[in-house]
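All chains are named by letter (A, B, ...) in the order of the sequence lines, taking the proteins before the strands, and each is independently numbered beginning at 1.
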Amino acid sequence: MTELHLFNSKTRQKEKFQPLVPSRVGMYVCGPTVYGEPHLGHARSTVSFDIVFRYLQYCGYKVRYVRNITDVGHLENDADEGEDKIAKKARLEALEPMEIVQQYTIEYHNRMRELNSLPPSIEPTASGHIIEQINIVKKILANGYAYEKNGSVYFDVLKYAKDFPYGELSGKKLEDMLEGTRDLDGQTEKNNNVDFALWKKAKPEHIMQWESPWSKGFPGWHLECTAMSTKYLGDRFDLHCGGMDLQFPHHEAEIAQNNGSCGHEPCNYWMHNNMLTINGQKMGKSLGNFITLRQLFSGDHELLQQAYHPGTVRFFMLQAHYRSTLDFSNEALQAAEKGLNRLMKAVELLSKMKPENENSRDFNFADFKSRCTSAMNDDFNTPILISQLFEGAKFIQNLNSGKAGMEKEEFENFKNFFEEMTFDVLGLIPIQNNTDTNDETVEGLMELIINLRLRAKQSKDFDTADAIRNQLTRMGIEIRDSKEGTTWDKNIPQQ
RNA sequence: GGUCGCGUGGCCGAGUGGUUAGGCAGAGGUCUGCAAAACCUUGUACAGCAGUUCGAAUCUGCUCGCGACCUCCA
């Protein structure tokens with residue numbers, strides 16, 4: 001594909017991407033609820049749409065990437081009479097709600113930076129946009145798609161569904177939902193079970209609450225994204241992204257709120273990343289089987305055989321398509337780690353190579369480039385791009401060993417493109433090897449040791465040479481002999 | 001129960017109506033004093049059954065198995 005196509009969850013098909021304003025893209029991603037440590041699922045979502053952000057920029061678009069921080073407003077559940085998730089956690093830990101929010105926001109930022117995900121252009125918080133949310137409730141009320149009860153405001157789904165299609169995004173039929181629902185405690189205020197809260201009146205002991213025309217309370221689950229996407233991207237923008245589990249009810253509600261407040265849908269394209277599974281089962285908070293990123297990077301979890309470098313985790317995720325489920329396992333991550341190392345060694349080699357001015361043999365750069373961009377144009381198919389990079393890595397090796405040749409100018413183009421794909425588009429990062437210790441003493445000692453071993457080898461004293469090598473291996477230092485000399489790497493010790 | 005999706009070789013994971021995905025692991029080889037690294041070659045495949053077709057793993061139907069959403073979740 002020569003033009004970017006993406007899978008629109010709304011229409012369930014791949015569509016050519018055409019932004020509302022030429023050369024500019026407005027992109028909204030549903031960010032994390034900061035009431036717990038960031039886990040593998042956050043990583044998958046953030047990395048998936050980091051790729052979208054990066055590739056759109058590669059394609060020359062100027063992108064405004066808005067990703068919210070949910071620091072208020074998600075209810076624990078209906079039966080809980082609207083207790084705020086963050087407030088609940090705060091009470092348990094005897095902390096201020098904003099203290100929790102601060103802590104986990106920082107954690108999230110740190111982990112995402114380690115994964116080499118770019119920060120969004122704007123990262124608004126729900127608590128900072130209460131006024132905007134209240135204004136949207138007012139509009140929806142004025143348009144007649146909501147009703148007030150005892151200080152709370154609910155979205156009237158049945159009335160709304162007479163004027164707009166409801167359930168298109170998630171493929172749900174309202175009749176089915178009406179049949180399937182059952183009465184739960186705490187839903188008595190709603191006219192109908194399919195209705196959802198726009199504003200909830202807070203109990204006096206509820207910690208996070210704000211003044212509103214209806215009550216002291218807090219905004220409903222879905223309102224913040226409508227408010228913040230509208231404020232920063234307009235009431236109609238290009239791309240709305242998030243995890244597949246948000247498709248219903250969250251995104252369906254957003255569509256309803258947008259229609260209900262301004263008469264049209266919020267965006268032209270919906271993108272949803274698939275879930276991450278552990279032993280074939282979805283990783284989820286309620287299932288208690290989630291692995292935090294801190295645990296993953298340190299190896300401190302019973303399911304983990306070792307620590308995994310953030311670069312490995314990123315690469316692991318990009319080896320699967322964002323719309324497929326991805327099953328976590330030690331074997332898969334270890335395979336990814338080795339593969340990434342191989343790729344990174346090839347890129348490093350590429351950066352040091354001096355191009356010969358000879359005829360290009362056995363490699364067609366134009367074809368290669370086209371295969372790479374076609375893959376990305378086809379709904380951000382990173383696994384295919386990576387497979388192409390491995391083909392490129394093979395060629396780099398052949399070029400280095402003289403088995404292949406390349407004309408100088410084409411080599412420069414190839415090199416630039418390869419690095420662009422690897423670092424700018426995929427955002428891959430090398431797994432640190434500690435050759436660059438910045439420690440002159442260590443460098444000097446290593447040089448000394450390698451020279452001593454070389455001398456032993458030259459005098460055919462292989463016992464000594466091997467003893468040196470074995471001892472270094474035990475210390476985690478890998479020795480490699482080649483015609484150009486001996487190099488060394490210190491492997492990261494794995495827990 | 002309703003809606004949707006998936007089932008690919010030892011493992012992970014793309015793709016496709018007829019032509020090698022790729023990675024990891026395995027086997028053989030080149031290189032090396034021996035290794036390591038790198039490179040080359042290579043086996044194993046599309047859940048089952050039936051149908052459409054010149055041809056299906058790819059389309060259709062059924063069966064089996066698995067999962068997701070319908071409740072907070074990335």
Side-chain angles (χ1 to χ4, degrees), chain A residues 12 29-33 35-36 38-49 70 74-80 85 167 170-173 175-177 179-181 184 194 221 241-250 252 272-277 280-287 290 315-316 319-321 323-343 345-346 349 371 375 378 381-391 393-394 396-398 400-401 403 457-458 460-462 465-466 469-470 473 478-483 486-489:
Chain A
R12 283 156 231 274
V29 174
C30 286
T33 305
Y35 73 119
H39 54 75
L40 268 171
H42 293 114
R44 182 146 204 226
S45 180
T46 307
V47 168
S48 295
F49 301 120
T70 297
H74 278 225
L75 306 177
E76 189 73 13
N77 60 44
D78 279 43
D80 244 354
K85 206 186 257 180
S170 51
K172 296 197 181 305
K173 294 192 181 82
E175 310 89 75
D176 294 342
M177 295 171 63
E179 283 170 23
T181 47
L184 289 174
V194 294
W221 324 347
C241 315
M244 218 168 240
D245 48 352
L246 296 179
Q247 211 167 13
F248 190 91
H250 186 60
E252 204 69 72
H272 291 96
N273 68 280
N274 214 319
M275 299 293 102
L276 204 130
T277 59
Q281 197 182 33
K282 179 188 160 185
M283 198 187 76
K285 208 130 264 185
S286 55
L287 297 164
F290 66 96
F315 182 72
F316 167 67
Q319 275 192 304
H321 188 83
R323 279 192 293 115
S324 298
T325 55
L326 172 61
D327 196 51
F328 165 88
S329 70
N330 282 288
E331 293 72 19
L333 274 165
Q334 283 160 10
E337 183 178 278
K338 287 178 185 169
L340 176 62
N341 263 325
R342 193 152 86 75
L343 189 60
K345 279 177 185 172
L349 185 60
R371 282 195 299 273
D378 186 9
N381 199 324
T382 53
I384 294 289
L385 173 58
I386 288 172
S387 78
Q388 289 305 319
L389 293 182
F390 274 108
E391 295 294 333
K394 225 175 243 186
I396 291 168
Q397 295 295 348
N398 287 339
N400 188 51
S401 61
K403 284 180 195 162
K457 279 172 65 178
Q458 280 165 347
K460 303 252 187 270
D461 180 4
F462 296 121
D466 290 350
R469 187 172 62 198
N470 291 340
T473 305
E478 189 184 39
I479 288 284
R480 285 191 300 269
D481 295 336
S482 73
K483 280 170 190 149
T486 300
T487 57
W488 63 281
D489 269 338

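- Counting non-hydrogen atoms under 4.0 angstrom, A:Q334 reaches nothing in the nucleic acid.
- At a threshold of 4.0 angstrom between heavy atoms, the contacts of A:S45 are confined to the sugar-phosphate backbone, with no base atom among them.
- Taking each heavy atom of A:F316 and A:D327 in turn, the nearest pair found is CZ-O, 3.6 Å.
- To the nearest 0.5 Å, atoms OG (A:S48) and NE2 (A:H272) are separated by 12.0 Å.
- A straight line from CZ of A:R371 to P of B:rU20 spans 13 Å, rounded to a whole angstrom.
- In this structure, A:L340 places its CG atom 11 Å from P of B:rC24, rounding to the nearest Å.
- Between A:R44 and A:A320, the shortest heavy-atom distance links the atoms NH2-CB, 4.3 Å.
- Counting all heavy atoms, side chain and backbone alike, A:L40 lies closest to A:M283 at CB-CE, 3.6 Å.
- Distances from the side chain of A:P249 to the nucleotides B:rC70, B:rC40, B:rA37 place B:rC70 closest.
- To the nearest 0.5 Å, atoms CZ (A:F462) and CZ (A:R469) are separated by 10.5 Å.
- Taking atom C1' in both B:rC12 and B:rC6, the straight-line distance is 16 Å, to the nearest Å.
- Atom name C1', nucleotides B:rG7 and B:rA14: the rounded distance is 15 Å, in whole Å.
- Taking atom C1' on both nucleotides, B:rU58 is separated from B:rA21 by 15 Å, rounded to a whole Å.
- Protein atom CG of A:L246 is 14 Å distant from nucleotide atom P of B:rU71, rounded to whole Å.
- Using atom C1' as the reference point in both B:rG18 and B:rC66, the two lie 31 Å apart (nearest Å).
- Checking B:rA21, B:rA74, B:rC69 against the side-chain heavy atoms of A:F248 singles out B:rC69 as nearest.
- With values rounded to the nearest 0.5 angstrom, A:L389 atom CG is found 8.5 Å from A:I396 atom CD1.
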Please list each protein N or O that sits under 3.5 Å from an N or O in nucleotides 31-34 of chain B, with the distance.
from, atom 1, to, atom 2, distance (Å)
B:rG33, N1, A:D466, OD1, 2.9
B:rG33, N2, A:D466, OD2, 2.7
B:rC34, O2, A:R469, NH2, 2.7
B:rC34, N3, A:R469, NH1, 2.8
B:rC34, N3, A:R469, NH2, 3.1
B:rC34, N4, A:R469, NH1, 3.3
B:rC34, N4, A:D481, OD2, 3.4

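- Residue A:T473 places no side-chain N or O under 4.0 Å from the OP1 or OP2 atom of B:rA36.
- The heavy-atom pair separating A:R480 from A:K345 by the smallest distance is NH1-NZ, 4.0 Å.
- One can place CG of A:N341 at 11 Å from P of B:rA37, the figure rounded to the nearest angstrom.
- Rounded to the nearest Å, the gap between the C1' atom of B:rC40 and that of B:rC49 is 43 Å.
- Between B:rU8 and B:rG67, the two P atoms lie 14 Å apart (nearest whole Å).
- Taking the side chain of A:E478 as heavy atoms from C-beta on, and the options B:rA36, B:rG23, B:rA74, the nearest nucleotide is B:rA36.
- Each of A:M244 and A:T277 was matched to the nucleotide of RNA chain B holding its nearest heavy atom; the match closer to the 5' end belongs to A:T277.
- Residue contacts for A:L333: at a heavy-atom cut-off of 4.0 Å it reaches no nucleic acid atom on any strand shown.
- The distance from atom CG of A:L326 to atom NE2 of A:H321, rounded to the nearest 0.5 Å, is 12.5 Å.
- Between the C1' atoms of B:rC11 and B:rG2, the separation comes to 36 Å (whole Å).
- The side chain of A:K338 places no N or O atom within less than 4.0 Å of a non-bridging phosphate oxygen (OP1 or OP2) of B:rG23.
- None of A:Q247, A:E252, A:H250 except one satisfies the side chain to side chain donor-acceptor pair (under 3.5 Å) rule with A:S170; the exception is A:E252.
- Between the C1' atom of B:rC39 and the NZ atom of A:K394 lies a distance of 9 Å, rounded to the nearest Å.
- For the P atoms, the distance linking B:rC64 with B:rA27 amounts to 41 Å, nearest Å.
- A pairwise comparison of heavy atoms in A:N274 and A:S324 identifies CB-O, 3.3 Å as the closest pair.
- Looking at heavy-atom distances under 4.0 Å, A:G41 makes contact with a base.
- Across every non-hydrogen atom of A:A393 and A:A346, the tightest pair is CB-CB, 3.6 Å.
- Across all strands, A:M283 comes closer than 4.0 Å to base atoms (heavy-atom distances).
- Separating the CD atom in A:Q388 from the CZ atom in A:R371 is a distance of 4.5 Å, to the nearest 0.5 Å.
- Regarding A:E252, its CD atom lies at a distance of 21 Å from the P atom of B:rA68, rounded to whole Å.
- The interatomic distance linking A:L276 (CG) with B:rC69 (P) rounds to 13 Å, in whole Å.
- Counting any heavy atom pair closer than 4.0 Å across all strands shown, A:H272 reaches no nucleic acid atom.
- Not one N or O on the side chain of A:D378 forms a donor-acceptor pair closer than 3.5 Å with the backbone of A:N381.
- A:L343 has its CG atom 10 Å from the P atom of B:rC24, to the nearest Å.
- Atoms OG1 and CG, from A:T325 and A:N273 in turn, are 11.5 Å apart once rounded to the nearest 0.5 Å.
- Where A:S387 and A:D378 meet RNA chain B, the nucleotide closest to each residue was compared, and A:D378 sits on the side nearer the 5' end.
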**Study point:** Which nucleotides of RNA chain B pair, in dot-bracket form (Watson-Crick or G-U under 3.5 Å, | meaning another strand)
**Key:** (((((((..(((.....[...))).(((((.......)))))....(((((..]....))))))))))))....

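- Remark: A:R342 is in phosphate contact with B:rC39, judged by side-chain N or O atoms under 4.0 Å from OP1 or OP2.
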Check your understanding: Reading nucleotides 5-14 of chain B from the 5' end, what letters show protein touch, with B for base, S for backbone sugar-phosphate only, - for no heavy atom under 4.0 Å?
Key -> -------SSS

